[in-house]
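Below is one structure, written out as structure tokens; the observations come after it.
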Amino acid sequence: MMSRSPLMDLAFGYMPAQIVHVAAELGLADALADGPRSSEDLAKEIGAHAPSLHRLLRGLATLGAVEQRERDLFALTAEGRRLRTGAPDSVRALIRLFCGPDVWRSWGDMAETVRTGEYAWKRVTGRTSFESFASDPELSATFNEAMAEHTRAVAPGFIGAHDFSRYGTVADLGGGDGTLLAAILRAHGSVRGLLFDLPAGLAAAAGTLGDAAGRVEIVPGDFFASVPEGADAYVLKSVLHDWNDEKAAAILRNVRRAMRPDARLVILEQVMPEMVTPETAGIVRNDLNMLVATGGCERTEAGFRDLLDAAGFTGVSFTGPLPPSAYHVIEAGPGR
């Protein structure tokens, strides 16, 4: 009899991923938010085939996302509630994005990416990932909400690790809907903000900024063309890993040109260790996702230092890793 193989468990890991993805796509957690329901009842609300939905719910029960109370009565668990739309700790958009068709197809084409070095997303969709977001409003909205979900999780550690109170104006470049900038401004009542992104990224900013909106200037633009001048700190969160060294350096050079001599660059990124272990699996998988989805990469400390040096920055320092993630705060000056 064949012994159980950990490799086989990993090989069939796509099954739980798609079980959870379908639950997120169908909005099951929203439909279950008010209490236990039957598959028949749920199917009528979400527009599903009841017997098939029952089978999916059993799958979710084995993963701990729902609890099977009776043969056909299911309730959300504490973890399952994270699939609700708009919940403070929601991961619904992240799951819809990273288990969605384009990322799914890109990972499925990884062998060709490893053979050629050409990232899969463009090969399988005909567009770069950011061209896809720009041309598909629904995908763009999912991406923006996924980034906001992720930012809500890491923002407290970032704000606790860096003293933003010393700045008059903080510019968040590629800041999307303003989730991070709003958190910074709410923590520091005297600071003003500048939110900079492509128009599609800024679409939900007014609602997200809420009571901080009066202290924020929203500026549409492309950081490959130019960056607004005049801020005291320029924040890049999870931006540089999207791009190869050439394009990341182009962004940094534009930021440096916009900075006064006393301004600071503040980067929030994961830092790849020189030697990986099972405990660093998260960043390694993120790096592989960049490999297939954007052509970017997760960088080591030496890689960041080389990149910043090439763009003309000096006085580079690293703080981290920040709980609960492997993110670091990387600070530098314009070197003039």
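We number each residue from 1, following the sequence as shown.
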Quiz item: Passes side-chain contact (heavy atoms from CB on, under 4.5 Å), Leu139 versus Ser132? Steps please.
Solution: CA-CA 8 Å; Leu139 179 60; Ser132 297; 4.0 Å; yes
Practice problem: Could you go through the side-chain contact (heavy atoms from CB on, under 4.5 Å) check for Ile184 and Asp172 one step at a time? | Solution: CA-CA 10 Å; Ile184 293 170; Asp172 189 1; over 6 Å; no
Quiz prompt | Leu97 vs Met147, side-chain contact (heavy atoms from CB on, under 4.5 Å): CA-CA, chis, key distance, verdict | solution = CA-CA 10 Å; Leu97 176 67; Met147 295 304 99; 4.1 Å; yes
Self-check item: Full working for side-chain contact (heavy atoms from CB on, under 4.5 Å) between Val329 and Val266
Solution: CA-CA 7 Å; Val329 180; Val266 186; 3.8 Å; yes
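Expressed to the nearest 0.5 Å, how far OG1 of Thr300 lies from CE of Met272 amounts to 8.5 Å. How far CD1 of Ile95 is from CG of Leu83: 5.0 Å, rounded to the nearest 0.5 Å. Remark: Ser39 OG to Lys44 NZ distance equals 10.5 Å, nearest 0.5 Å. Distance check: Leu60 CG to Arg58 CZ gives 12.0 Å after rounding to the nearest 0.5 Å. Separating the CG atom in Asn254 from the CZ atom in Phe223 is a distance of 10.0 Å, to the nearest 0.5 Å. Between the CD1 atom of Ile330 and the CZ atom of Phe313 there is a distance of 12.0 Å, given to the nearest 0.5 Å.
The backbone N or O of Gly160 sits nowhere less than 3.5 Å from a side-chain atom of His162 that would complete a donor-acceptor pair. In this structure, Asn144 contributes its side chain and Ala200 its backbone to a donor-acceptor pair below 3.5 Å. A donor-acceptor distance shorter than 3.5 angstrom exists from the side chain of Arg256 to the backbone of Pro334, with no hydrogens or angles considered. Side chain of Thr294 to backbone of Asp242: a donor-acceptor contact under 3.5 angstrom is found. Although no hydrogens or angles enter the test, the distance criterion places a donor-acceptor pair under 3.5 Å between the side chain of Ser90 and the main chain of Arg84. Side chain of Glu79 to main chain of Arg82: no donor-acceptor pair is present (N/O by atom type, distance under 3.5 Å, no hydrogens or angles). Checked by atom type and distance alone, the side chain of Thr280 never pairs as donor or acceptor with a backbone atom of Val276 at under 3.5 Å. The closest donor-acceptor contact from the side chain of Gln18 to the backbone of Cys99 lies under 3.5 Å. Put simply, the side chain of Arg215 never gets that close to the backbone of Gly193: no donor and acceptor are under 3.5 Å apart. Here the side chain of Glu145 pairs no donor or acceptor atom with the backbone of Ala93 at under 3.5 angstrom.
Looking at every heavy atom in both residues, Ser38 comes nearest to Leu73 through N-CD1, 4.1 Å. Here the closest heavy-atom approach between residue His241 and residue Glu269 is recorded as N-OE2, 3.1 Å. Here the closest heavy-atom approach between residue Leu173 and residue Val239 is recorded as O-CG2, 3.7 Å. The minimum heavy-atom distance between Leu195 and Ala205, with the atom names listed, is CD2-CB, 3.7 Å. Here the closest heavy-atom approach between residue Gln270 and residue Phe304 is recorded as O-CE1, 3.6 Å. Residue Ala263 comes nearest to Ala231 through the heavy atom pair CB-O, 3.7 Å, listed as atom of the first residue, atom of the second, then distance.
Between Glu138 and Arg96 there is a salt bridge, since at least one side-chain N of the basic residue sits less than 4.0 Å from a carboxylate O of the acidic one. Salt-bridge formation is detected for the pair Glu301/Arg305: a Lys NZ or Arg NE/NH1/NH2 atom is positioned less than 4.0 Å from an Asp or Glu carboxylate oxygen. Here Glu45 pairs with Arg37 in a salt bridge; the nearest charged N to carboxylate O distance falls below 4.0 Å. Classification of Arg152 and Asp89 as a salt-bridged pair fails, no side-chain N sitting under 4.0 Å from a carboxylate O. No salt bridge links Arg81 with Glu67; every basic N to acidic carboxylate O contact stays at or beyond 4.0 Å. The pair Asp245-Arg299 meets the salt-bridge criterion, with a side-chain N (NZ, NE, NH1 or NH2) lying under 4.0 Å from an Asp/Glu carboxylate O.
Not counting sequence neighbours, the partners of His150 by the ring-ring contact (aromatic ring centres under 6.0 Å, His included) test are Tyr327.
At most 12 heavy atoms of other shown residues, nucleotides or ligands fall within 6.0 angstrom of atom CZ in Arg285. Within a 6.0 Å sphere centred on CG of Asp9, other residues, nucleotides and ligands contribute more than 12 heavy atoms.
Between Leu28 and Phe74, the closest side-chain pair of non-hydrogen atoms is not below 4.5 Å.
For the salt bridge (Lys or Arg N to Asp or Glu O under 4.0 Å) condition, the pairs that include at least one residue of residues 175-199, sequence neighbours left out, are Arg186-Asp211. Note on residues 99-130: pairs passing ring-ring contact (aromatic ring centres under 6.0 Å, His included), not counting sequence neighbours, are Trp121-Phe133, Phe130-Phe133, Phe130-Trp243.
In summary, the aromatic rings of Tyr234 and Phe196 are positioned with their centroids too far apart to meet the 6.0 Å limit. Between Phe98 and His21, the ring centre distance reaches or exceeds 6.0 Å.
Remark: the Asp30 side chain and the Thr85 side chain contain an N/O donor-acceptor pair separated by less than 3.5 Å. Between the side chains of Arg123 and Thr113, at least one donor N or O lies within less than 3.5 Å of an accepting N or O. In the model, Glu279 has a side-chain atom that pairs as donor or acceptor with a side-chain atom of Thr277 under 3.5 Å.
Checked against Glu298 for a side-chain contact (heavy atoms from CB on, under 4.5 Å), the options Asn286, Leu291, Leu240 give a single hit: Asn286.
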